[in-house]
Amino acid sequence: NFAHMRQILRASLIILTAIVAVKYIATLNFQGDTSVMLGEVDRLLAAVHEGRWFGWKGQFALLQKLAAILVKSEGLNNEACLAVLAFMNLAAFAGSLWMAWNSLARSSRRSAIAFTAIILSGPILWYARTTFGEVLAAFFTLGLVVACWEQAKSWKIFTWFLAAGISKDTIFPFLFA
């Protein structure tokens, strides 16, 4: 019976995906650059605590620092902060796949499948389990693209534009293209 075979295949794929996902999550990758960024955030928070609101300096994009400030303000140590930032990347990756799928599938299921296959075969899959800010940047940039493509309300486009604009040091001029 073809329907029964299809159900078994679908269940097998779900179980296999779950096993791969668990193994993937178990190998989160904490990057040294992110530890440096957390040090910058510590100095920034100390300066603000002392009443200095400018001249913080640093080499990392504002978006990742904002996420780290939120995490650090909860009193977590660096190891816990790294774990939260890595899980934030996983959530941004999943959100990107969901957002792209929902947007593309409305016009072409084949396009949605092709886009998902391309994303799953590229480097962003590796970045998704790290503490780098690339996945957050990709999420907000994709959000801007989807908002523009779907002709969303101007405040939504502006919000996505602002978030994408602070996601990477050099991205801002490319958002106008």
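All figures in this text were calculated on a predicted structure; none of them were measured in a lab.
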Considering non-hydrogen atoms only, spot the tightest contact between [X] and [Y] and give its length.
{"X": "Gly165", "Y": "Ile171", "answer": "O-CG2, 3.9 Å"}
{"X": "Leu142", "Y": "Ser96", "answer": "CD2-O, 3.4 Å"}
{"X": "Leu175", "Y": "Phe161", "answer": "CB-CE1, 3.5 Å"}
{"X": "Met99", "Y": "Gly143", "answer": "SD-CA, 3.4 Å"}
{"X": "Phe115", "Y": "Ala100", "answer": "CE2-CB, 3.2 Å"}
{"X": "Ala67", "Y": "Met88", "answer": "CB-SD, 3.6 Å"}

For a 4.5 angstrom cut-off between non-hydrogen side-chain atoms, does [X] reach [Y]?
{"X": "Arg6", "Y": "Leu9", "answer": "no"}
{"X": "Asp33", "Y": "Phe60", "answer": "yes"}
{"X": "Arg43", "Y": "Glu40", "answer": "yes"}
{"X": "Asn89", "Y": "Tyr127", "answer": "no"}
{"X": "Val71", "Y": "Val41", "answer": "no"}
{"X": "Gln59", "Y": "Val36", "answer": "yes"}

Are [X] and [Y] linked, directly or through other ILVMFWY residues, by side chains that come within less than 4.5 angstrom of each other?
{"X": "Ile118", "Y": "Leu97", "result": "no"}
{"X": "Trp126", "Y": "Leu120", "result": "yes"}
{"X": "Phe93", "Y": "Val145", "result": "no"}
{"X": "Met37", "Y": "Val48", "result": "yes"}
{"X": "Leu90", "Y": "Leu76", "result": "yes"}

Return the [atom1] to [atom2] distance between [X] and [Y], rounded to the nearest 0.5 Å.
{"X": "Thr159", "Y": "Leu144", "atom1": "OG1", "atom2": "CG", "value": "10.5 Å"}
{"X": "Trp101", "Y": "Arg109", "atom1": "CH2", "atom2": "CZ", "value": "4.5 Å"}
{"X": "Ser12", "Y": "Ile8", "atom1": "OG", "atom2": "CD1", "value": "7.0 Å"}
{"X": "Ile69", "Y": "Leu62", "atom1": "CD1", "atom2": "CG", "value": "7.5 Å"}
{"X": "Ser107", "Y": "Trp149", "atom1": "OG", "atom2": "CH2", "value": "3.5 Å"}
{"X": "Asp42", "Y": "His49", "atom1": "CG", "atom2": "NE2", "value": "13.0 Å"}

Go through the steps to decide whether Ile157 and Gln151 satisfy the test side-chain contact (heavy atoms from CB on, under 4.5 Å), and finish with yes or no. CA-CA 8 Å; Ile157 293 172; Gln151 299 176 346; over 6 Å; no

Using the side-chain contact (heavy atoms from CB on, under 4.5 Å) definition, which of the options Thr130, Leu136, Leu38 pairs with Leu85?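 The single option meeting the side-chain contact (heavy atoms from CB on, under 4.5 Å) with Leu85 is Leu38.
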
Side-chain donor/acceptor of Ser167 to backbone N/O of Ala164, under 3.5 Å: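 Yes; judged by distance alone, with no hydrogens or angles, the pair exists.
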
For the pair Gln64 (side chain) and Thr131 (backbone), establish whether a donor and an acceptor sit closer than 3.5 Å, ignoring hydrogens and angles.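 Yes.
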
Is the gap between the ring centers of Phe139 and Trp160 under 6.0 Å?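 Centroid separation for Phe139 and Trp160: below 6.0 Å.
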
